[in-house]
Amino acid sequence: MHASKVLLLITAAAGLAGCGPGAHAPRGYYTTAQAQAGQSAYASACAGCHGVALAGGAGPALTGMPFMSAWGQKSTRALYEYLALSMPVGSPGSLSPSTYAAITAFMLEANGAHSGPQAFAATDTPIAIAAIASGQAPEGLLAAAALTPRTRASRLAERWGLTVAGTVANYVPVTDAMLTHPSDDDWLMYRRNYQGWSYSPLNQITRRNVAALQLKWAWAMNEGGAVEVTPIVHSGVIFLSNTQNTVQALDARTGELIWENRIGPASTITYGGTRSLGLYQNLVFVATYDAKLHALDARTGKIVWEAVIDGPPKGETGGVIVIHGKVLVGLMNCDNYSATNCFISAFDAMTGQRDWTFHTTALVGEPGGDTWNGLPNLLRGGADTWIAGTYDPDLNTTYWGVAQAKPWMRASRKTGDAATLYSSSTLALDPDTGRLKWYFQHASGESLDLDEVFERVLIDHGDQRTLMTIGKAGILWKLDRVTGKFLDAKQTLFQNVYSNLDATTGALTYRQDILDQKTGEWIASCPGPEGGHDWQATSYNPPTDLLIIPESQSCVLMQGHEVDMKLGGGGTAASQQFYFMPGTHRNMGKLIAYRTRDMKEMWSFQQRSPFLTAVLSTAGGVAFVGDFDRHFKAVDVESGKVLWQTRLGNGVQGHPVSFSLDGKQYIAVTTGLGGGSPVEKPSALLTEVHRPATGQQLYVFGLPDTN
């Protein structure tokens, strides 16, 4: 089947075609050797989303009730064709036909289908999966799967630890004062300042000369995993996080590697990127995707201390924020039902000792604990915090976004119309104690993977201190950051999920069919889980009072699955079918600017490919942004006019930054693969865009040298 003939491409465990159950199924439908080969290929190509034991995670579970609910009445051929056309996420069709057949065989085995003398082939007569499989894996199979080495990832980094030794000369320790009032020349944290502006005060690169930008140097990064990184710049050094939990120190002038620490473990194909590092005193902090926090000596790269945030399968990719000598960090991979619920925590920067924890799923007997429809703590999934917070030093308050409850759909998670606090909320916390000062829930009982976890941008309008944020639904929110009071909201793109937004309280009302949803039924959602707005951060440009927002325009049909209501169950538990957003002429990318004092749209433009970087704006009146189709653009902050663009080696992806050395301004940006929904959806819909399977790279641009 050619990809162009597929009616709708699907991202979770759903089929493209189906057939009725066969009257008499053959006892053997694949060979044991084929399933064993499929188990190894699955561990390398699929486990990053679906878990090493097929229990689900970023993707749905592929065994048991969730799998049979989605696939039981669909055919074995449909399963193979879906895998071959759509997987792995980010590089569909990249495996051989025999490998896709082997993975299909392993999935059948993991759901109780029997082996025989004949290998499974795509040309076999289609047969309904429920006719040959029960959903019950053979005893011990999935435990063995959890131990299968991820061979592809393991090959990427055969040596671990401090693999390149060196010393940063004349390193200047980072103080609290430097974090509060950063030098114009540096980029010390995620989105540069505590307020989350993604703005540089440097003005050497301007509207008039930006077209002269040229590449100064480039650095090849680790392959495998996702690139969503923020280069951190201080003392003439770029501190760069890579996949495989690798941290490097590069000479910002030349790109020369000073030191490298491959902390590990190896990542899988799709995930494993870290969005940002933190600096404090002589330390570099990295929260790794196996849910650990490491402090490295910024001068040498040696590990000073390490701490466990939580146990597997939890993880963290969102980066950290350092406040008053404490390292604040969130938690993700809270999809499956676990003995521990999701939380934000703070660690002493010098010792690694945990100081406090705040649970983002309100627990039984605690404030908000009665908003989960009576579910026990074990069945309160989600509420991840996978984007680092911001901070107001004057109010001594840190602000964090919280993701949706899991499973994605309320029918699957059995929460009814309960609010499921503190999911899809803004939290205002005391950074010294973790005490909750206030919360505002943007979407009560969120039901379609349209979470509100992203950056909280702190902007003053005269005496009024505001917080602005935008999530997947594409609603731009303005709150009073002292009290949490709702001030205003603006819908920035087409949506059909909410029938009303209360202008006084900000409360949203869902469409009736969303409220009445049942598992197994398809629900339409515009936007879909790509957003709207996702992890690609906005930029606030103070000279113009403009908030520049990268957006994506795609929609989804979503079908919730029944899940196992027990330890290890749950997960995202939904199938998706993507389609282009109405009224966009199939343009997935949108860049839009709002004046924040009055929420007035000032300009916007659309393009075919969605944007995969944060926006970086500067005092020179220029904003930078990169996209899925490898273009890196400079636009006029005031008009949105494209002033310059270049095409790089792969999708331009991550968080661009600007810094200055020896009186010269530079722009740094990364390219790469992976990254969840913002990459998954265009990979399925933009079939004319061809991206290479490798190309994780750091590029540094500057103006021509003058003699």
*Short side-chain donor-acceptor distance under 3.5 Å, Thr538 and Glu455*: yes
*Does the gap between the ring centers of His655 and Trp535 come in under 6.0 Å?*
yes
*Which pairs, with at least one residue in residues 611-628 and sequence neighbours excluded, count as a salt bridge (charged side-chain N to carboxylate O under 4.0 Å, His left out)?*
Asp627-Lys633
*Is the count of non-hydrogen atoms from other residues, nucleotides or ligands lying under 6.0 Å from His461 atom NE2 greater than 12?*
yes
*Can you list every side-chain hydrogen bond (donor to acceptor under 3.5 Å, both in side chains) pair that touches residues 583-594, not counting sequence neighbours?*
none
*Please report the shortest heavy-atom distance between Pro527 and Leu450, naming the atom on each side.*
O-CD2, 3.5 Å
_Checking Asp534 against Gln536: is there a side-chain donor and acceptor pair closer than 3.5 Å?_
no
*asked:* If we count only N and O atoms by modelled type, under 3.5 Å, do the side chains of Gln553 and Gln606 hold a donor and an acceptor together?
replied: yes
*Do Ser658 and Gln665 have side-chain N/O donor and acceptor atoms under 3.5 Å apart?*
yes
_Using the side-chain contact (heavy atoms from CB on, under 4.5 Å) definition, which of the options Val210, Thr206, Val635 pairs with Leu643?_
Val210
_Aromatic ring proximity, centroids under 6.0 angstrom, Trp400 and Tyr422_ = no
*Would you say the side-chain atoms of Arg456 and Thr390 include a donor-acceptor pair closer than 3.5 Å?*
no
*Check against side-chain hydrogen bond (donor to acceptor under 3.5 Å, both in side chains), Glu530 and Ser554*: CA-CA 7 Å; Glu530 180 190 20; Ser554 66; 2.4 Å; yes
*asked:* According to salt bridge (charged side-chain N to carboxylate O under 4.0 Å, His left out), does anything in residues 356-373 pair up with another residue at least two apart or in another chain? List the pairs.
replied: none
*Return yes if a side-chain donor-acceptor contact under 3.5 Å exists between Ser539 and Ser198, otherwise no.*
no
*Considering residues at least two apart in sequence or located in another chain, which fulfil the ring-ring contact (aromatic ring centres under 6.0 Å, His included) criterion with Tyr540?*
Trp197
*Checking side-chain hydrogen bond (donor to acceptor under 3.5 Å, both in side chains) against Lys314, which of Thr340, Asp335, Asn333 comes through?*
Thr340
*Just jot down the ring-ring contact (aromatic ring centres under 6.0 Å, His included) partners of His359, sequence neighbours excluded, or say none.*
Phe343
Show me the side-chain donor-acceptor pairs of residues 476-484 shorter than 3.5 Å, one per line, residues at least two apart or across chains.
from	atom 1	to	atom 2	distance (Å)
Trp477	NE1	Ile475	O	3.4
Lys478	NZ	Thr596	O	2.6
Lys478	NZ	Arg597	O	3.3
Asp480	OD1	Val482	N	2.7
Asp480	OD1	Thr483	N	3.2
Arg481	NE	Asp392	OD2	2.8
Arg481	NH1	Ile459	O	3.3
Arg481	NH1	Asp460	OD1	3.1
Arg481	NH1	Thr466	O	2.8
Arg481	NH2	Asp392	OD2	3.1
Arg481	NH2	Asp460	OD1	2.7
Thr483	OG1	Lys485	N	3.2

_All pairs passing ring pair (Phe, Tyr, Trp, His ring centres under 6.0 Å) where residues 596-626 contributes a residue, at least two apart_ = Phe624-Phe632
_Just to verify, what does Arg435 make a salt bridge (Lys or Arg N to Asp or Glu O under 4.0 Å) with, not counting sequence neighbours?_
none
*Looking only at heavy atoms, which two atoms of Ala503 and Phe486 are closest? And how far apart?*
O-CE2, 3.4 Å
*Please report the C-alpha distance between Leu279 and Ile232 in whole Å, then the side-chain angles of each, then the deciding distance to 0.1 Å, and finally whether the side chain to side chain contact (heavy atoms under 4.5 Å, CB included) criterion is met.*
CA-CA 9 Å; Leu279 300 181; Ile232 299 297; 3.6 Å; yes
*Let me see the working for Tyr280 and Phe285 under ring pair (Phe, Tyr, Trp, His ring centres under 6.0 Å), right down to the final yes or no.*
CA-CA 8 Å; Tyr280 188 66; Phe285 304 98; 7.2 Å; no
*Report the C-alpha distance between Thr544 and Asn541 in whole Å, list the side-chain angles of each, state the deciding distance to 0.1 Å, and finish with yes or no for side-chain hydrogen bond (donor to acceptor under 3.5 Å, both in side chains).*
CA-CA 6 Å; Thr544 60; Asn541 187 265; 2.9 Å; yes
*Between Tyr199 and Asn193, does any side-chain donor sit less than 3.5 Å from a side-chain acceptor?*
no
*Show your reasoning for whether side chain to side chain contact (heavy atoms under 4.5 Å, CB included) applies to Phe454 and Ile470.*
CA-CA 7 Å; Phe454 309 107; Ile470 181 171; over 6 Å; no
*Mind running side chain to side chain contact (heavy atoms under 4.5 Å, CB included) on Val457 and Leu467 for me, showing each step along the way?*
CA-CA 6 Å; Val457 184; Leu467 176 151; over 6 Å; no
*Test Tyr399 against Trp438 for side chain to side chain contact (heavy atoms under 4.5 Å, CB included), laying out the working first.*
CA-CA 10 Å; Tyr399 303 91; Trp438 57 258; 3.6 Å; yes
*Non-neighbouring partners of Phe580 that pass ring-ring contact (aromatic ring centres under 6.0 Å, His included), sequence neighbours left out*: none
*Any Lys/Arg nitrogen of Arg595 or Glu601 sitting under 4.0 Å from an Asp/Glu carboxylate oxygen of the other?*
no
_Distance-minimising heavy-atom pair for Ser345 and Ile309_ = OG-CG2, 4.1 Å
*Under 4.0 Å between a Lys/Arg side-chain N and an Asp/Glu carboxylate O for Asp513 and Arg511?*
yes
*By ring-ring contact (aromatic ring centres under 6.0 Å, His included), which residues pair with Phe659, not counting sequence neighbours?*
Tyr666
*Are there more than 12 heavy atoms of other residues, nucleotides or ligands under 6.0 Å from atom CZ of Phe440?*
yes
*Which heavy atom of Ile321 sits nearest a heavy atom of Gly389, and at what distance?*
CD1-O, 3.4 Å
Donor-acceptor pairs are to be reported for all side-chain atoms of residues 323-332 against protein atoms at under 3.5 Å, with residues two or more places apart or in another chain.
from	atom 1	to	atom 2	distance (Å)
His324	ND1	Asp432	OD1	3.0
His324	NE2	Tyr391	OH	3.1

*For Lys681 and Gln576, does a side-chain donor sit closer than 3.5 Å to a side-chain acceptor?*
yes
_Heavy-atom pair of closest approach, residues Pro182 and Arg192_ = O-NH2, 3.6 Å
*asked:* Between Thr492 and Glu551, does the side-chain hydrogen bond (donor to acceptor under 3.5 Å, both in side chains) criterion hold? Intermediate values first, please.
replied: CA-CA 9 Å; Thr492 66; Glu551 295 187 320; 2.4 Å; yes
*Which salt bridge (charged side-chain N to carboxylate O under 4.0 Å, His left out) pairs, counting each pair once, include a residue from residues 410-431, with sequence neighbours left out?*
Lys414-Glu562
_Do Thr317 and Glu228 pair up side chain to side chain, a donor and an acceptor below 3.5 Å, judged on atom types alone?_
no
*Which heavy atom of Met588 sits nearest a heavy atom of Pro610, and at what distance?*
CB-CD, 3.8 Å
